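Residue numbers begin at 1 in each chain, while the letters A, B, ... track the order of the sequences. All of these numbers come straight from a predicted model, not from anything done at the bench.
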Amino acid sequence: MSDLEQNSTNELVNRRNRVDMWRENGIDPYGSRFDEAVPSAELKANFKDECEEDQPAVVAGRVLTSRDMGKVVFVTIQDPSGTIQLFGQKNALGEEQFKLFRKVDIGDIIGVTGKLFRTKKGEITVREFEFKMLSKSLKPMPEKWNGLKDIEIRYRNRYLDLISNEESREIFRQRSAIIREIRRFLEDKGYMEVETPMMHPIAGGAAARPFTTHYNALDQKMYMRIATELYLKQLLVGGFEKVFELNRNFRNEGVSKQHNPEFTALEVYQAFGDCQTMMDLIEGMIRHCAQTVRGSLHIKHSDEKTLDFESPWRRVEYSTLLKEKAGDNWFELSKEEMIKKAQELGAHADDSMDEVQIGQEVYDLIEPTLIQPTFVTRLPRELVPLAKRCTDDAALVDVYELVIDGKEISPGYTELNDPIDQRLRLEEQLKRTLGTEEEESGKIDEQFLDALEHGMPPAGGLGLGVDRLCMLLTGAPTIRDIILFPQLKNKDQ
RNA sequence: GAGUUGUUAGCUCAGUCGGUAGAGCAACGCCCUUUUAAGGCGUGGGUCCAGGGUUCGAGCCCCUGACAACUCACCA
């Protein structure tokens with residue numbers, strides 16, 4: 001290594017050279033086991049000012065900042081629990097150690113064994129330490145003050161986002177906790193988690209374009225699953241009464257603030273239950289998550305908007321919402337009058353639509369205004385073709401659509417268990433998709449129908465967009481903020 | 001798929017009317033034994049997203065493309 005290289009102002013070159021410097025001093029810059037470290041937050045919490053004897057500190061983390069004052073250096077390191085300051089003194093460390101300590105770069109990961117004290121300015125700090133180089137960083141870190149703001153880098157290089165932004169770390173801790181608490185809630189109530197195939201010969205259970213792949217050994221086209229429904233129902237036929245699956249679905253569609261092509265879905269099925277059962281279940285589950293993860297049933301999103309999960313959630317019929325918006329006589333209007341009224345309200349309605357479609361256009365105006373948790377129930381049959389009809393009104397189906405913050409977050413059904421009716425409706429659905437891109441995924445799943453013909457108990461089922469729940473509970477404005485590695489286009493090539 | 005905006009040093013950002021590319025932090029050198037956005041003095045660092053065009057001259061104007069964000073549409 002020449003003097004020229006030594007004195008380069010190119011940071012990448014300097015850091016590479018420093019790897020050699022550590023080796024020349026007999027130190028492996030990519031060190032080994034250091035699992036005796038204590039979380040920095042724990043060290044700080046247990047520190048006692050009046051304690052007479054030395055309070056030992058063993059801690060490891062990434063170097064965030066360094067303030068070098070010649071014969072003394074202050075270094076702040078970060079671990080998962082927070083940050084802690086190190087106080088390196090020439091006198092305490094000895095000439096050789098001190099000289100090496102000054103060569104620690106921002107971004108390096110070090111382990112430290114020393115003693116705790118409180119500085120004049122009041123900060124709990126480690127001094128009189130020995131340190132180990134655990135990992136030499138070759139790349140410069142994002143700036144300490146402004147942090148990393150570039151949205152594209154935050155998504156493409158999530159680790160840099162996590163190093164730099166505590167808000168981002170906290171969101172992903174909360175996401176992990178939400179998923180843990182969903183499982184805990186369901187398991188405590190006796191639901192069994194199951195795993196069903198992710199690659200399906202027929203992509204059923206929802207209307208969406210699937211990703212396709214090829215299974216070489218079988219020489220067969222396969223689809224990444226778009227839903228788990230058809231397999232879970234087969235488990236009800238098999239005699240499991242309370243099952244759920246919490247994992248990824250894939251839909252080959254556009255990305256948006258609300259959509260990522262692979263997303264985490266929960267589906268729960270309960271034999272002998274119905275739509276009401278599932279409403280009670282999801283309400284309890286989301287409350288549980290809010291309380292345990294956020295410590296409150298009131299989640300503030302902004303100065304104007306706080307989501308209230310505590311009050312009993314409104315349960316309102318679809319037709320009631322329409323009447324609230326469009327007048328009590330809505331359902332007595334002629335089609336022409338409906339179109340006129342809908343247009344007055346600002347909905348897109350025209351002659352080509354039928355009454356149900358016109359009503360749905362009006363509903364589309366209502367939904368964004370439903371900020372607090374609201375179960376919309378008893379939808380027109382045409383809107384949800386695969387659910388069981390209401391026993392008192394064959395034009396309606398016994399379902400709910402849970403709306404929070406103006407967005408649909410969870411549908412629930414009284415499931416259809418009549419195999420003859422189910423076959424008819426699947427065939428109708430297939431006809432509607434003939435000639436469209438959904439056609440190939442709409443094929444009749446004979447294996448599923450065969451299972452139904454053996455007898456599926458009456459059941460309630462629900463789905464939940466877990467990513468969207470995470471957005472609601474963390475206040476994240478886009479789905480990319482709660483997915484660690486969101487899908488982005490390749491930059492190179 | 002359409003529209004709008006953005007892309008300049010490792011990071012965060014300026015860049016006037018088209019006239020030799022700027023700051024803070026980071027880096028490098030020197031000083032400094034309680035700092036914490038440490039401080040002081042000094043130094044180096046640029047494919048201005050890419051490719052064309054206009055011009056004596058383009059970071060800036062025009063065209064095409066890449067990627068991203070936002071809005072809308074689509075999708076559930």
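- What separates NZ of A:Lys149 from P of B:G6 is a distance of 18 Å, to the nearest Å.
- What separates CG of A:Leu64 from C1' of B:C25 is a distance of 14 Å, to the nearest Å.
- Each of A:Val59, A:Ile110, A:Val112 was scored for a side-chain contact (heavy atoms from CB on, under 4.5 Å) with A:Phe129, with one residue passing: A:Val112.
- Between the C1' atom of B:U35 and the CD1 atom of A:Ile84 lies a distance of 15 Å, rounded to the nearest Å.
- Of all nucleotides present, only B:C67 satisfies the Watson-Crick or G-U wobble test against B:G6, with each distance under 3.5 Å.
- Between the base of B:U35 and the side chain of A:Thr119 there is a donor-acceptor pair shorter than 3.5 Å.
- Under 3.5 Å, the side chain of A:Asn91 and the base of B:U33 form at least one donor-acceptor pair of N or O atoms.
- Across every non-hydrogen atom of A:Ser164 and A:Pro142, the tightest pair is OG-CG, 3.4 Å.
- For A:Glu123 against B:U36, a side-chain-to-base donor-acceptor contact under 3.5 Å is present.
- Under a 3.5 Å cut-off, the side chain of A:Asn157 and the backbone N or O of A:Tyr159 do not form any donor-acceptor pair.
- At whole-Å resolution of the value, CD1 in A:Ile153 and C1' in B:G6 are 14 Å apart.
- Using a 4.0 Å heavy-atom cutoff across all strands shown, A:Lys121 reaches at least one base atom of the nucleic acid.
- Taking for each of A:Trp145 and A:Arg468 the nucleotide of RNA chain B with the nearest heavy atom, the 5'-most of the two is the partner of A:Trp145.
- Side-chain contact between A:Ile84 and A:Leu116 is present, with at least one heavy-atom pair separated by less than 4.5 Å.
- Checked against B:A68, B:A69, B:C32, the side chain of A:Arg480 finds its nearest nucleotide in B:A69.
- With a 3.5 Å ceiling on both atom-pair distances, B:C60 lacks any Watson-Crick or G-U wobble partner.
- With hydrogens and angles ignored, a donor-acceptor pair under 3.5 angstrom links the side chain of A:Gln85 to the base of B:U35.
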